[in-house]
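Structure record follows, encoded as structure tokens.
We use all heavy atoms of the structure for the numbers below, so side chains are in, but hydrogens, waters and symmetry mates are not.
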Amino acid sequence: MRKPAVLGIIGAAVLTASALAADFITFGSGSTTGVYFPVATGISKLINDANIDVRANARSTGGSVFNITAIASGELQMALVQNDIAYFAYNGTGIAAFDGKPVKSIRSVAVLYPEVIHVVTRRDSKITSIGDLKGKRVIVGDVGSGTEQNTRHVLEAYGLSFSDLGQTIRASASAGITQLQEGKADAMFYTVGLGASAIQNLALTTQVNLVPIDPDKIKAMQKKYPFYDQVVVPGNTYKGESVSTITAAVKSMWVAAESLSADAVYKVLKATIGNEKAFKEIHPNLARYFSTKGAVRGLPVPLHPGAERFYKEIGVLK
């Protein structure tokens, strides 16, 4: 009669030991109105559903700069970041947050999809080119954000700086959208994956345009900052903008703490990228742009050993 109780105690002990043995990953993303959050949430779900003794929890954060700083402090174990910000962080240059303070504890897991520099304007502002931003009220991204850095580079290519703007507004994506809607700003820079809900929602309530970046200016940016690409935002990506728009982009990438075990990272990749159909179903940007071969191209920081093992196993690396 006592055996079931004993077995129950043993079973509970086994479960407790199993839980203690699991790796716990806090996965940094970005604003809930961007693309990072649904992507990180989807990746975390695939991890949790795979029963691989790894548990993941996606967390909304301030984005790339915060995520890398939080990985360095141990607050996060994985995150999504812009590849340019990862480059600046690892090399300790380019951004005040990392200048002279390189973060050598980050490792690459995968390059995912383009992060497009959206230059969104109120249609009534009559802004049709980057040069027209001179003297205007422009949202340049949050303090220390990837968007802020990209804005600086775009303006630089046109011979402009923040001091040439009528008002330099530093704000989060959600706050920036509100200011555009209320007519408190004329234009907004936002580096984000195509189809971001923040811009989609803005276009439903406010007549907006996307301002192109000239191809020759993008080439000038590429010479100085090789992580930029030229991309096209297809017409009708956002309501009321039927014409395709040429602009620049960086890449979103998945990074991990160097301290995260190679075994945990390997198992995570088997459960996510190894399940490629489900992985691409997480978000349209992954469906459109992600490939296993592209996942290891142009990595700005060293590959995590667990990721290296996975890519060698599937034949992407030798």
In residues 213-223, what donor-acceptor pairs under 3.5 Å come from side-chain atoms, sequence neighbours left out?
unit_1	atom_1	unit_2	atom_2	d
D214	OD2	Y158	OH	3.3
Q222	NE2	Y228	O	3.2

Kindly indicate whether the side chain of [X], heavy atoms from C-beta on, has any atom under 4.5 Å from the side chain of [Y].
| X | Y | value |
| --- | --- | --- |
| I282 | I43 | yes |
| V154 | I117 | yes |
| I177 | N201 | no |
| V208 | L180 | no |
| V296 | L317 | yes |
| Q230 | I246 | yes |
| K280 | Y289 | no |
| T121 | N209 | yes |

Would you mind listing every salt bridge (charged side-chain N to carboxylate O under 4.0 Å, His left out) that reaches into [range], with sequence neighbours excluded?
| range | value |
| --- | --- |
| residues 187-196 | none |
| residues 113-123 | R122-D124 |
| residues 157-183 | E148-R170, E182-K184 |
| residues 188-197 | none |

Once you round to the nearest 0.5 Å, how far does [atom1] of [X] lie from [atom2] of [Y]?
| X | Y | atom1 | atom2 | answer |
| --- | --- | --- | --- | --- |
| T292 | R297 | OG1 | CZ | 9.0 Å |
| S64 | Q82 | OG | CD | 4.0 Å |
| Y87 | I95 | OH | CD1 | 12.0 Å |
| F37 | S31 | CZ | OG | 9.5 Å |
| L76 | L80 | CG | CG | 10.5 Å |
| K224 | H153 | NZ | NE2 | 7.5 Å |

For [X], enumerate each residue passing the ring pair (Phe, Tyr, Trp, His ring centres under 6.0 Å) test, keeping only those at least two apart in sequence or located in another chain.
| X | result |
| --- | --- |
| F88 | F227 |
| H283 | none |
| F290 | F279 |

Which donor-acceptor pairs under 3.5 Å do side chains of residues 260-275 form with protein atoms, sequence neighbours excluded?
unit_1	atom_1	unit_2	atom_2	d
S261	OG	A264	N	3.0
Y266	OH	E313	OE1	2.5
Y266	OH	E313	OE2	2.9
K267	NZ	I52	O	3.1
K270	NZ	E313	OE2	3.2
T272	OG1	V268	O	2.8

If you compare all heavy atoms of [X] against all heavy atoms of [Y], which two are closest, and at what distance to 0.1 Å?
| X | Y | result |
| --- | --- | --- |
| Y36 | G30 | CB-N, 3.7 Å |
| L303 | L299 | CD1-CD1, 3.6 Å |
| I106 | A89 | CD1-CB, 4.5 Å |
| V109 | A256 | CG2-CB, 3.7 Å |
| I68 | A86 | CD1-CA, 3.7 Å |
| K104 | E258 | O-OE1, 4.0 Å |

Kindly say whether [Y] contributes a backbone atom to a donor-acceptor pair with the side chain of [X] at under 3.5 angstrom?
| X | Y | answer |
| --- | --- | --- |
| Q77 | A257 | no |
| N285 | L194 | yes |
| T237 | V233 | no |
| S197 | T33 | yes |

Can you check side chain to side chain contact (heavy atoms under 4.5 Å, CB included) on I25 and N57, steps first, answer last? CA-CA 6 Å; I25 293 170; N57 176 49; over 6 Å; no

Under 4.5 Å between side-chain heavy atoms, hopping through other hydrophobics if needed: is there a path connecting [X] to [Y]?
| X | Y | answer |
| --- | --- | --- |
| Y225 | V119 | yes |
| L133 | V211 | yes |
| I314 | L112 | yes |

Among residues two or more places apart or on two chains, list those pairs meeting side chain to side chain donor-acceptor pair (under 3.5 Å) that have a residue in residues 238-248. H118-Y238

I need the full list of side chain to side chain donor-acceptor pair (under 3.5 Å) pairs touching residues 129-144, with sequence neighbours left out, sorted by first then second residue. T128-D132, S129-D132, R137-D186

Could you walk me through whether T32 and S60 satisfy the side chain to side chain contact (heavy atoms under 4.5 Å, CB included) test, starting with their C-alpha distance in whole Å, then the side-chain angles of each, then the deciding distance to 0.1 Å, before giving a yes or no? CA-CA 6 Å; T32 55; S60 175; 3.7 Å; yes

Option among D49, T41, N48 that satisfies the side-chain hydrogen bond (donor to acceptor under 3.5 Å, both in side chains) test with K45: D49

Under a 4.0 Å threshold between the charged nitrogen and the carboxylate oxygen, would E281 count as salt-bridged to K277? yes

Taking only Lys NZ, Arg NE, NH1 and NH2, and the carboxylate oxygens of Asp or Glu, determine whether K251 and D84 approach each other closer than 4.0 Å. no

Does a donor on one side chain sit under 3.5 Å from an acceptor on the other, for T191 and N150? yes

Is it true that T205 and Q181 share a donor-acceptor pair across their side chains at a distance under 3.5 Å? yes

Examine F27 together with W254 and report whether their ring centres are nearer than 6.0 Å. yes

Evaluation steps, side chain to side chain contact (heavy atoms under 4.5 Å, CB included), between I169 and V140: CA-CA 6 Å; I169 304 170; V140 301; over 6 Å; no

Residue pairs involving residues 161-214 (criterion ring-ring contact (aromatic ring centres under 6.0 Å, His included); sequence neighbours excluded): none

Does OH in Y113 sit with more than 12 non-hydrogen atoms of other residues, nucleotides or ligands closer than 6.0 Å? yes

Check the pair I130 / L155 against side chain to side chain contact (heavy atoms under 4.5 Å, CB included), numbers first and verdict last. CA-CA 7 Å; I130 299 298; L155 293 175; 4.3 Å; yes

